Amino acid sequence: MDLQIRSIKSNLEKVREKVALAALKSGRRPEDVKIVVVSKGQPASILQAAVLAGAGILGENYPEEAVFKMIKMGKQEGVEWHMIGHLQSRKAKIIVENFDLMHSLDSLKLAEKLNRLCKEGGKRLPVLLEFNVGGEESKGGWEAANEEAWLQFLPDIENCLSLSNLDIRGLMTMPPWNENPERTRPYFVKLRKLQDFLKNAFPHNSFSELSMGTSVDFEVATQEGATYIRVGEAILGRRPPKTAN
Ligand SMILES: *Cc1c(COP(=O)(O)O)cnc(C)c1O
């Protein structure tokens, strides 16, 4: 086997083992945690190696970069492409036409645009709602740092739920970066709590998916209820430095 495939396969197996232990430790089933292999900034050859190593979901942040790699790789049977980065609404069509799930739906305006494009294309797009539980300026999502203010975004969420071509499956967050995962744990707990809050407010939707945790903190995220973890460098190795996009 190709050296690159072997190395990715070994990394993927290590992540799976850690996820399984973290899940069992918290009374969860390992198979309920899906691994999104984050491939932004990596060349198509690495993505191809990841697929051959067993990656079933690839996560990308930039629409044009992702489509460039999709075209280069051709049809990949059984592989899902997930959009995990902030989306400028003028690029919404690229997502509707090429992606299987969007983690980073962060405004009603974008939801309405995606819904309209889905309708035109005869499609239904699975999405997660992104919340900013850490309150950082630089992060996307509905402002959710202050629990007292959670009522404020309920009208937006209700409107999103009424869009018939969007399938709202759950919540996503990208907390403030910290190398110590215990520092990040409270943000994962908060997203989980927000999930309960939304379930309670809109009982006809289960909001069952929770997308949280990256290379440094996916075990803690798993313990706190993640159903998607988004792991890049721990599986694919260091990303090449980002160039202008
Ligand atoms: C880059 C990225 C990740 C993965 O980060 P790693 O440190 O490579 O694991 C996860 N989620 C989002 C939104 C990202 O942009």
Side-chain angles (χ1 to χ4, degrees), residues 4 7-8 10-19 22 33-43 46-47 49-50 53 55-66 69 80-88 91 95 99-107 110 126-142 144 169-185 187-188 190-191 209-245:
Q4 207 150 49
S7 148
I8 294 173
S10 148
N11 291 341
L12 196 51
E13 273 160 13
K14 276 181 217 147
V15 170
R16 283 204 184 110
E17 271 168 34
K18 288 179 180 171
V19 165
V33 187
K34 302 168 282 286
I35 300 171
V36 178
V37 177
V38 175
S39 49
K40 63 164 175 248
Q42 300 281 5
I46 300 276
L47 276 68
I57 308 175
L58 297 173
E60 287 279 339
N61 293 56
Y62 311 104
E64 288 95 341
E65 177 193 325
K69 290 187 271 190
E80 288 181 24
W81 293 84
H82 289 195
M83 172 65 179
I84 64 169
H86 171 68
L87 179 65
Q88 294 170 272
K91 297 181 182 173
I95 303 309
F99 282 79
D100 299 293
L101 191 151
M102 161 126 180
H103 290 236
S104 44
L105 179 57
D106 57 7
S107 75
L110 179 59
V127 299
L128 307 179
L129 305 172
E130 181 172 0
F131 289 94
N132 185 356
V133 293
E136 290 171 291
E137 288 270 330
S138 61
K139 297 282 163 69
W142 278 275
R169 301 220 175 138
L171 291 69
M172 178 270 209
T173 199
M174 186 74 176
W177 194 87
N178 198 296
E179 63 186 346
N180 176 1
E182 289 306 328
R183 290 286 181 85
T184 312
R185 187 188 295 273
Y187 299 110
F188 297 148
K190 195 179 248 185
L191 193 71
E209 305 288 359
L210 280 183
S211 170
M212 56 190 199
T214 65
S215 290
V216 287
D217 50 27
F218 65 85
E219 291 164 277
V220 166
T222 297
Q223 289 168 13
E224 299 303 340
T227 62
Y228 284 112
I229 53 171
R230 309 181 307 265
V231 183
E233 295 199 326
I235 295 171
L236 301 182
R238 289 292 294 273
R239 271 185 289 281
K242 190 176 178 294
T243 49
N245 191 275

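Each ligand, and each atom within it, is numbered from 1 in the order the structure gives. Predicted model only: the values in this text are computed from it and were never measured.
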**Item:** Positive for side-chain contact (heavy atoms from CB on, under 4.5 Å) with Met83, one of Ile95, Asn61, Val127
**Value:** Ile95
**Asked** Within the side chain of Ser211, is there an N or O that forms a donor-acceptor pair under 3.5 Å with the backbone of Met172?
**Response** no
**Request:** Say whether Thr227 and Glu209, considering side chains only, have a donor N or O and an acceptor N or O under 3.5 Å apart.
**Result:** yes
**Message:** If the cut-off is 4.0 Å to any non-hydrogen atom of Arg230, which atoms of ligand 1 fall inside it?
**Reply:** 4 (C), 9 (O), 10 (C), 11 (N), 12 (C), 13 (C)
**Prompt:** Does Arg239 approach ligand 1 within less than 4.0 angstrom via side chain, backbone, both or neither, non-hydrogen atoms only?
**Reply:** side chain
**For atom 6 (P) of ligand 1, the option (of Ser215, Ser39, Gly237) bearing the nearest heavy atom** = Ser215
**Message:** Please state which option from Lys40, Glu60, Met83 has its nearest heavy atom closest to atom 2 (C) of ligand 1.
**Reply:** Lys40
**Message:** Could you check whether any side-chain N or O of Lys40 sits under 3.5 Å from a backbone N or O of Gly85, counting only pairs where one atom can act as donor and the other as acceptor?
**Reply:** no
**Request:** Measure the acute angle between the ring planes of His103 and His82, then classify it against the limits of 30° and 60° as parallel, tilted or perpendicular.
**Result:** tilted
**Complete:** Per-atom filter on ligand 1: closer than 4.0 angstrom to a heavy atom of Glu233 are 6 (P), 8 (O), 9 (O)
**Message:** Show the nearest heavy-atom pair for residues Pro181 and Val220, with the distance to one decimal.
**Reply:** CB-CG2, 3.8 Å
**Complete:** Looking only at non-hydrogen atoms, the one of Thr214, Asn61, Ile229, Val15 nearest atom 10 (C) of ligand 1 is Thr214
**Proximity winner for atom 12 (C) of ligand 1, if only heavy atoms of Thr173, Ile84, Ile235 are counted** = Ile84
**Prompt:** Any idea which atoms of ligand 1 are less than 4.0 Å away from a heavy-atom of Val231?
**Reply:** 9 (O)
